[in-house]
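What you see below is based on every heavy atom in this structure, not just the backbone, and it leaves out hydrogens, waters and symmetry mates. Here is how names work: the chains are called A, B, and so on, in the same order as the sequence lines, proteins then strands, and each is numbered from 1. Predicted, not measured: the structure shown is a model, and the values here were computed from it.
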Amino acid sequence: MYVSYFPGCTLKTKAVRLDRCARKSAEILGIELQELDSWQCCGGAFTSAADEVATKLSSVRALAEAERLGRPLVSVCSACYNVLKQTDHAFKTDPEFASKVRRYLAPDECYNGGTEVLHLLELLRDKVGFENIAKKVVNPLKGVKIAAYYGCMLLRPSDVLGLDDPENPSVMEELIRALGGEAVGWSQRNECCGGYVLLESPELAKKRSLEISSDAAAAGADMIVTACPLCRYNLDKAGSGLPTVYFTELLAKALGAEVDEI
Amino acid sequence: MNRDNVRDEVIRRSGTDPRKCMKCGKCSATCPSYDEMEGHPHEFVYMVENGDIEPLLASESIYRCLTCMACVERCPRGVEPAKIVESVRLEAIRKKGANRLTPEAVAAVADEELPQQAVVTAFRKYAK
Ligand code: SF4
Ligand code: SF4
C-alpha cells in the first residue's frame, strides 16, 4: 500500500523516534510511507479565524501534492494531522477561503479538495486492520499496563476530524491490545496537557500535565502512550515519574523492528 | 474603529453566532484553564455579543486559552466559544507592537528537549 507521508518539523528533530519507529513498522506491515518532496511545517496549530490565509498555505500545498500523487496523506504527529485536516475541511466548506488560497498558489500547485487526510492510527485501524497487526506481533507487550493518552489534537473538533468518539475514544486502546499489552481505563485521557501555553505560563502547563499523568498513575499504568511530541514533553516535565512513549515505539518493538539502534 | 465595528469584526472573523448561546455555562465548566482566566468562555460569548470587548482585549485570559476545543465539543448549542476567544486574541496581537511572545522569552524557557512544535505553535498563537 502506497501513501503520501507528511512527517512534520518535530519528527525530523526532537521526535525522531516517533518518525523512525513509524517507518520501520510501516515497512514490516507492507505500507510504503512516501515522504512528500517539498513539505513545509504545518505551523503546529490551526487558526480558526476565517481571515487567516497565509499561515494555512503550507498545509494546502501538502494537500495539493498528495492529490497530484493520488494517494492519501498520512501524518503520525497529532498536531500535523489536526492542522492538515482542519485546513482541508476549511478549503472544502468555505468557498471564500478557497478562492483566497487559490490566489496565492501557482497554477501547478492548485488543490481541488481531493485528498484524504489520515492519521497513522486511522490507517492502521481502517486500512491494515488491528487483527492483521496482531498476527505480526513477535514481542507482545505482555504484562505492560498502558494509559492511552489522546489529548485534544487527535479528537477535536470531532465533526471535522472524525477519527474517533471524542468522549470515549478507543483506537489507541485497540492498538495496545493488538500488541499484547493491557490498556488501563482512566478519565483524563482526552483532556489537554496545556500544549503551547508552556511558553506563556510554564506553571499552567505543569499543572495540567501533572493532573493528567497523576491520573494515569492512579489508574495503575506503567507508562503513558501518545502521538504528540508536545504532549510527551509536557507530561515528562510534569514530574509524576511515569514515562511517556510514542505509540510508534510500542508498535515497532512489538513487531520486532530493531528499535534500539534508532 | 468604533465599538460596534470591533464587535462585528470579531464576530465575523470568528465565524460563530454568539446569539445561539443559552447561557448554560457548560463551556466554562469543562474549560481546563478556568482557574487561570478571569474572563471565562461563556463570558467571552456574551461580552462579545454585547460589544463589551475592551476588557477582554486587556485581559490575560486571551493568552490562557489552550485551544483545546473542549468548549467547542461540549457546547450543546454549537456556539464554538474557542473561536470567539481566538478572534479576540487576534484583535489584540494584530495591533502594531502587540506581539505577546518574543524570541528572548522562548530562549528563557527552552531546554534541550523542547520540541520545535512548541515554539512554532506558540508563535502562531502569541504573535502575528
Ligand atoms: S456551552 Fe454553549 S450555550 Fe452553554 S454557555 Fe457556553 S457557549 Fe453558551
Ligand atoms: S478552547 Fe480555550 S476556552 Fe475552550 S475549553 Fe479549551 S482552554 Fe477553555
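No part of B:Glu80 comes within reach of chain A, as not one of its non-hydrogen atoms sits under 4.5 angstrom from that chain. With a 4.5 Å cut-off on non-hydrogen atoms, B:Ala105 does not touch chain A at all. Contacts of B:Tyr126 with chain A are made by side-chain atoms alone, with heavy-atom separations under 4.5 Å and no backbone atom involved. In this structure, chain B has a heavy atom under 4.5 Å from the side chain of A:Pro166, while its backbone stays farther away. Only the side chain of B:Lys125 comes within contact range of chain A, with heavy atoms under 4.5 Å apart. If you measure heavy-atom distances from A:Glu211 to chain B, you find no contacts under 4.5 Å at all. In this structure, no portion of A:Asn234 lies under 4.5 Å from any heavy atom of chain B. Only the side chain of B:Arg74 comes within less than 4.5 Å of a heavy atom in chain A; its backbone stays farther off. Only the side chain of B:Glu86 has a heavy atom closer than 4.5 Å to any heavy atom of chain A. With a 4.5 Å cut-off on non-hydrogen atoms, A:Lys237 touches chain B through its side chain but not through its backbone. Contacts between A:Leu11 and chain B at a heavy-atom distance below 4.5 Å are absent for every atom of the residue. Proximity to chain A is absent for every atom of B:Ser87, based on heavy atoms less than 4.5 angstrom apart. Of the atoms belonging to A:Cys80, not a single heavy atom falls under 4.5 Å from chain B.
Contacts with chain B (heavy atom to heavy atom, under 4.5 Å) involve no residue of residues 89-99 of chain A. Residue-level contacts of residues 43-57 of chain A with chain B, in order of numbering, are A:Gly43, A:Gly44, A:Ala45, A:Phe46, A:Thr47, A:Ser48, A:Ala49, A:Ala50, A:Asp51, A:Glu52, A:Thr55; threshold 4.5 Å between heavy atoms.
Chosen from B:Glu73, B:Lys83, B:Met69, B:Arg12, the residue pairing most often with chain A at heavy-atom distances under 4.5 Å is B:Glu73. For the options B:Ala118, B:Ser33, B:Gly15, heavy-atom pairs under 4.5 Å to chain A are most numerous at B:Ala118. Taking chain B as the reference chain and counting heavy-atom pairs below 4.5 Å, the highest number among A:Ser158, A:Pro157, A:Cys9, A:Gly195 is found for A:Ser158.
The residues A:Glu203 and A:Lys206 are annotated as not salt-bridged, no charged nitrogen and carboxylate oxygen being separated by less than 4.0 angstrom. Between A:Arg61 and A:Glu65 there is no salt bridge, since no side-chain N of the basic residue sits under 4.0 Å from a carboxylate O of the acidic one. For A:Glu200 and B:Arg64, the salt-bridge test passes: some basic side-chain N is under 4.0 Å from an acidic carboxylate O. Between A:Arg208 and B:Glu36 there is no salt bridge, since none of the side-chain N atoms of the basic residue sits less than 4.0 Å from a carboxylate O of the acidic one.
Within the cation-pi definition used here (under 6.0 Å to the ring centroid, within 45° of the axis), A:Arg232 qualifies as a partner of A:Tyr246.
In terms of heavy atoms, B:Cys68 sits closest to A:Arg156 at O-NE, 2.7 Å. Nearest heavy atoms, B:Lys96 versus B:Lys128: CA-NZ, 3.9 Å. Closest approach of A:Leu210 to A:Gly239, counting heavy atoms only: CD1-C, 4.2 Å.
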Requested in this report: Using the side-chain contact (heavy atoms from CB on, under 4.5 Å) rule, take B:Asp52 and B:Tyr46 through it: C-alpha gap first, then chi angles, then the decisive distance, then the call.
Outcome: CA-CA 8 Å; B:Asp52 203 6; B:Tyr46 76 70; over 6 Å; no
**Report entry** Full working for side chain to side chain donor-acceptor pair (under 3.5 Å) between B:Glu43 and B:His40
**Finding:** CA-CA 5 Å; B:Glu43 288 158 339; B:His40 303 114; 3.1 Å; yes
Query raised in the report: Checking side-chain contact (heavy atoms from CB on, under 4.5 Å) for the pair B:Gln117/A:Tyr233: CA distance, chi angles, key distance, verdict?
Result: CA-CA 10 Å; B:Gln117 180 194 357; A:Tyr233 179 86; over 6 Å; no
Query raised in the report: Under the side-chain contact (heavy atoms from CB on, under 4.5 Å) criterion, do B:Leu101 and B:Tyr63 qualify, and how do the steps go?
Result: CA-CA 10 Å; B:Leu101 187 68; B:Tyr63 308 110; over 6 Å; no
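Shown are B:Ile84, B:Val88, B:Val85; of these, the side-chain contact (heavy atoms from CB on, under 4.5 Å) with B:Cys65 is made only by B:Val85. B:Arg7 pairs in a salt bridge (Lys or Arg N to Asp or Glu O under 4.0 Å) with only one of the listed residues (B:Glu91, B:Glu54, B:Glu49), which is B:Glu49.
Between the side chains of B:Glu9 and B:Asn5, no donor-acceptor pair is found at a separation under 3.5 Å.
Atom CZ of B:Arg19 has 12 or fewer neighbouring heavy atoms from other residues, nucleotides or ligands inside a 6.0 Å radius.
No donor-acceptor distance shorter than 3.5 angstrom exists from the side chain of A:Gln40 to the backbone of A:Ser58, with no hydrogens or angles considered.
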